[in-house]
Amino acid sequence: MCVAVVMLSSFSLKCHAIEMGYIIEFKAGEYYFDNTKLHFSTVKMVMGYNGAIIVREMLPIPDKNWWEMTIDEDMWNLDGFCFIDSNTAPGNYNMNINEFMDSLQINENGLRQTRLRNSFASYVPSIAGWVFYPINDEEISDGYWRSTDSYNVTPSGTLPIVHVNTQDSQMILDKENYIDGTFWLNNCGIEQYESLGSESDPLSIQIKGRGNWTWAYFYKKPYKVKFAQKVSPLGLDKSKHFILKPDAGDLYGYVRNETGFELSRQFGMPYTTRQLPVEVILNGEYIGLYFLCEKIRVEEGRVDIFEQQDNETIPENVTGGWLLENDWDGPIVNMQHQGNDPNEFSYAWSSKSPEVLSQQQYNYITPLLKHIDECIFVSDKNDNSWENYIDIDYLTRFYVIQEIMDGVESFTRSLFMYKDLGEDEKFIFGPMWDFDCSYMLQTCDHFIYDYDCEFKPWNLWIRELVKFPHFQQKIREVWKEFKDKGILDKVHEHMAQWRSQLVAAEASDDMRWGFYASNHPAEAPIEYFSLMDRKVAWLDEQWGVPEGDVNLDGFVTAFDVTAIYDYLLNGNETYLSTLDVNGDGEITAADVTALYDILLGN
């Protein structure tokens, strides 16, 4: 089964799934290796091939940092490859690739000068962008394959162009240290957008790397941009803080994140991140199609809650606002449940705002999170005391969106919730972020918490929350709204417009990189939305509201008759959206009659 095809200039590199991992095929042609970061004095490529080793020497291109190698004939079933800076002579060696690695000499720093591509991985190597792993515990190399044609690519001109220049053309090497630079945006004559700054009068910025997987495993990297003054590029909400996001791993055609964001807007979540496609030129070099994106933060127009100060000590001010993320990065609290499977991981909440906590802040938020945790894991699932602390309406919408998006990381990573100032204020789940794993498993008949994968031990809360009958009722209520409002059709319409604006820029991006998301098959977006349609159909089988199911428990019984009488006699509006059984626009005794007809099968 062919998993992926990665085009680089005149040759292709294929990856075939096998039971144990992946097998690589090198097609005949010229290969170029960018040595900018490695600075090897010699570059040799080592290939594990048919149980033996082939070492090929690459030749430097004069005045460039590219190294060239020609493959004369197709080579199939490589079980791994790497690059070495070594005196090892070119030729064939009767050993496997691991034995060969062990035979390499250690340099003065105690490291083998090697970058290893482990083809037996749990992901398709092409998605990793041909970034090469060291065999020791040093940082991942930035070496990668590149075609010489990629150095001459220009923007398509069909999208706004962002120009970023760092001071002295410094390279952006990490996520911790800002580099000074300038920014200007050319609207390229697109009427709905305004240019921002100019080549002669750019805006001052600072820029650094960002992201986790996307920073470490992709050469086309994401960046965080901080302006000196608040700006509103392309009409995004005014702020100093924005992200340049490549979505390089979305081989469905840059649809995953925008689909999730559009669902969030259609479901009426309080704040949804906005992003717009641009092309980026960094230090004079075209680096492809990106998305200029609002950064999640406490700020007017974003997570619009009280902005609590770092190291706050006034008791009434530490009740909010809080913006928390479950990401294990400096957790303020870990929660492990006694008696749970010891292989399950605890939730680890980190505070994104405030960032530096006083003892008073820590003493407020830690017991609160642990108490919520206890309420969620209560044995009596008719005890809904957790709803005193979490807004069930927004949680339900958040959860339904995650199910429609079918992400294996849902409720594990990139999970935000926030709380405004005040003891009585509840946590709201959101904003939505990071749907990079949407439909990664390509199955449409599971709930997200049932997937048997590496992320399962982390989604503890949602696995418990779905056991509460009241939460299930709210899910059916939100699902009915989703169906009644035709939200899926609206999302399809929005995404068709989204895709249409990317086509020309994708072509330029693909010429620049030769792999990543722009290299997706033409049918990939169609396949993605076909998977979503199938998942929605399956969810409708689970959550669809039967005719006459007034109390949204999944059944039509005498309890539904009671719910109508409870409204007529006592004014109880709990199930207001489903009380009009006969659909005449009024709630009267006629609805009781209609419900009896359903119960009797008339």
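Residues: numbered from 1 along the sequence shown.
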**Item:** Where at least one partner belongs to residues 175-187, residue pairs that pass salt bridge (charged side-chain N to carboxylate O under 4.0 Å, His left out), sequence neighbours excluded
**Value:** none
**Request:** Not counting sequence neighbours, which residues clear side-chain hydrogen bond (donor to acceptor under 3.5 Å, both in side chains) with T182? List them please.
**Result:** none
**Prompt:** Can you list every ring-ring contact (aromatic ring centres under 6.0 Å, His included) pair that touches residues 164-199, not counting sequence neighbours?
**Reply:** H163-W184, F183-F227
**Prompt:** So, are K230 and E300 salt-bridged, with charged N and O less than 4.0 Å apart?
**Reply:** no
**Request:** Output all residues satisfying salt bridge (charged side-chain N to carboxylate O under 4.0 Å, His left out) with K220, sequence neighbours left out; order by chain, then residue number.
**Result:** D509
**Complete:** residues 392-403 vs salt bridge (charged side-chain N to carboxylate O under 4.0 Å, His left out), sequence neighbours excluded, gives D393-K474, R397-E481, E403-K535
**Request:** Please test Y528 against Y439 for ring pair (Phe, Tyr, Trp, His ring centres under 6.0 Å), starting from the C-alpha separation and ending with a verdict.
**Result:** CA-CA 7 Å; Y528 178 82; Y439 291 98; 5.4 Å; yes
**Message:** Does this structure show an ion pair linking E425 with K419, if we count only N-O contacts that are shorter than 4.0 Å?
**Reply:** no
**Prompt:** Got a sec, which residues hit ring pair (Phe, Tyr, Trp, His ring centres under 6.0 Å) with F261, two or more places apart in sequence or on another chain?
**Reply:** none
**Item:** Aromatic ring proximity, centroids under 6.0 angstrom, Y394 and Y418
**Value:** no
**Message:** I'd like to check the salt bridge (charged side-chain N to carboxylate O under 4.0 Å, His left out) partners of D174; sequence neighbours left out, ordered by chain and number.
**Reply:** none
**Item:** Sole candidate of V400, L488, I401 that passes side-chain contact (heavy atoms from CB on, under 4.5 Å) when paired with F482
**Value:** L488
**Any pair counted as ring-ring contact (aromatic ring centres under 6.0 Å, His included), so long as it reaches residues 483-507, sequence neighbours left out** = F291-W498, H492-F529
**Message:** Test of understanding: with salt bridge (charged side-chain N to carboxylate O under 4.0 Å, His left out), list the residues that count as partners of E307, not counting sequence neighbours.
**Reply:** none
**Test salt bridge (charged side-chain N to carboxylate O under 4.0 Å, His left out) applied to D201 - qualifying residues, sequence neighbours left out** = none
**Request:** Enumerate the residue pairs fulfilling salt bridge (charged side-chain N to carboxylate O under 4.0 Å, His left out) with a member in residues 231-247, sequence neighbours excluded, ordered by first and then second residue.
**Result:** K245-D247
**Request:** Ignoring hydrogens and angles, state whether a donor on the side chain of S518 or E506 is under 3.5 Å from an acceptor on the partner side chain.
**Result:** no
**Request:** Quick one: sort the W461 and W349 rings into parallel, tilted or perpendicular, breaks at 30° and 60°.
**Result:** tilted
**Request:** Examine the side chains of T272 and S264 and answer whether a donor and an acceptor come within less than 3.5 Å of each other.
**Result:** yes
**Prompt:** With sequence neighbours left out, which residue pairs that include part of residues 262-279 fulfil the salt bridge (charged side-chain N to carboxylate O under 4.0 Å, His left out) condition?
**Reply:** E258-R265, E262-R265
